[in-house]
Amino acid sequence: MDRNHYRFRSLWSLPAPAGPVYDALERIEDYPRWWPQVREVARLDATGGLVRIRSVLPLDLVTTLRETRRDPLAGVLEVRLSGDLDGWARWTVTPTGPGGALARYDQEAGLRKRLLRRLAVPGRPLFHANHALMMRSGRRGLTAYLQAV
C-alpha cells in the first residue's frame with residue numbers, strides 16, 4: 001500500500017433531523033461558519049470549490065472539490081478531491097429516529113503536498129490524530145450550528 005494513501009471514516013451522531021443535517025453539509029461555503037479548521041471556501045462554480053483546511057498541525061491543505069454525486073433522497077454527498085489531497089470524500093446522512101441523524105464521513109485520499117509526503121512514515125500517527133481532532137471539532141461545530149438555526 002502507498003504510504004501516502006489514507007482512509008478515514010467518522011460517524012457523527014447529531015441531534016437534528018436528517019434533512020437539515022444534509023442541507024447544512026450540502027452548503028460547503030458555510031463550513032467556515034461552524035467548522036473552525038475549514039479556514040476558507042471559494043466557490044468555483046455550481047459544482048466545485050477551493051477549500052483551505054488547517055487543523056492542529058501548522059500546515060494548510062488546499063484542495064479543489066468537484067461534486068460527483070448529490071442525492072438528497074439517499075442522503076449522499078460525494079466529491080472528488082484534487083490538489084494537496086487527491087481522492088474522494090463522501091457524506092452519507094441517515095435518520096436515527098425522530099429528531100436525530102447519523103452523518104457518516106468516508107474519505108480516501110493520497111497526500112500530494114511535498115512536505116507531507118516526506119513525513120509520510122514518521123508523521124502517519126500525527127496525521128491520523130490531526131484528522132480525528134478536526135472531525136471531532138466539526139461534529140461539535142455542526143451540532144451548535146444546527147441548534148442555532
Side-chain angles (χ1 to χ4, degrees), residues 1-2 4-113 116 123-149:
M1 181 164 170
D2 180 0
N4 290 294
H5 184 84
Y6 288 81
R7 286 185 181 145
F8 297 107
R9 174 172 292 153
S10 296
L11 301 173
W12 294 1
S13 181
L14 299 162
V21 171
Y22 182 91
D23 292 344
L25 293 172
E26 185 177 46
R27 291 188 307 273
I28 190 146
E29 60 274 3
D30 288 346
Y31 280 31
R33 291 181 183 187
W34 55 265
W35 201 338
Q37 293 79 13
V38 179
R39 302 298 173 96
E40 184 179 359
V41 175
R43 267 284 180 196
L44 299 174
D45 54 35
T47 63
L50 189 67
V51 178
R52 184 172 61 89
I53 299 166
R54 184 176 192 161
S55 190
V56 176
L57 297 177
L59 299 164
D60 285 356
L61 294 176
V62 178
T63 303
T64 299
L65 282 66
R66 284 278 167 208
E67 181 182 300
T68 56
R69 184 175 175 199
R70 181 186 300 212
D71 186 344
L73 294 177
V76 176
L77 295 164
E78 188 171 297
V79 295
R80 175 93 178 111
L81 308 169
S82 60
D84 290 340
L85 298 174
D86 184 47
W88 60 269
R90 178 188 316 120
W91 285 107
T92 306
V93 180
T94 55
T96 57
L102 180 68
R104 175 178 160 168
Y105 179 80
D106 292 289
Q107 178 184 349
E108 282 197 32
L111 298 174
R112 298 294 172 247
K113 190 168 188 142
L116 296 179
R124 195 166 190 85
L126 289 174
F127 298 160
H128 276 280
N130 191 62
H131 187 269
L133 290 170
M134 179 178 168
M135 297 306 287
R136 185 172 67 193
S137 179
R139 182 188 53 76
R140 287 180 182 156
L142 183 55
T143 297
Y145 178 80
L146 291 166
Q147 289 173 344
V149 187

Passes side chain to side chain contact (heavy atoms under 4.5 Å, CB included), Glu40 versus Leu50? Steps please. CA-CA 8 Å; Glu40 184 179 359; Leu50 189 67; over 6 Å; no
Could you go step by step and tell me if Asp30 and Tyr145 meet the side chain to side chain contact (heavy atoms under 4.5 Å, CB included) rule? CA-CA 10 Å; Asp30 288 346; Tyr145 178 80; 3.7 Å; yes
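Residue Arg33 places its CZ atom among 12 or fewer non-hydrogen atoms of other residues, nucleotides or ligands, all under 6.0 Å distant.
Taking 4.5 Å as the limit, every side-chain heavy atom of Pro15 sits out of range of all side-chain heavy atoms of Leu146.
Side chain of Lys113 to main chain of Val62: no donor-acceptor pair is present (N/O by atom type, distance under 3.5 Å, no hydrogens or angles). Looking at Thr143, its side chain does come within 3.5 Å of a backbone N or O of Arg139 through a donor-acceptor pair.
Using bins of under 30°, 30° to 60° and over 60° for the plane-to-plane angle, the ring pair Trp34/Tyr31 lands in the tilted bin.
One finds the CZ atom of Arg104 at 12.0 Å from the CH2 atom of Trp91 (value rounded to the nearest 0.5 Å). Between atom CG of residue Leu59 and atom CD1 of residue Ile53 there is a gap of 12.5 Å, rounded to the nearest 0.5 Å. Arg136 contributes atom CZ, which lies 11.5 Å from atom OG of Ser10 (distance to the nearest 0.5 angstrom). Interatomic distance, Leu61 CG to Leu111 CG, rounded to the nearest 0.5 Å: 7.5 Å.
At a threshold of 4.0 Å, the pair Arg52-Asp84 does not count as salt-bridged, since none of the basic side-chain nitrogens sits closer than that to a carboxylate oxygen.
Of the candidates Arg70, Arg66, Arg90, Glu78 forms a side chain to side chain donor-acceptor pair (under 3.5 Å) with just one, namely Arg90. Under the side chain to side chain contact (heavy atoms under 4.5 Å, CB included) test applied with Phe8, the options Met135, Met134, Glu108, His128 reduce to a single match, His128.
For the ring pair (Phe, Tyr, Trp, His ring centres under 6.0 Å) test, no residue two or more places apart in sequence or in another chain qualifies with Tyr22.
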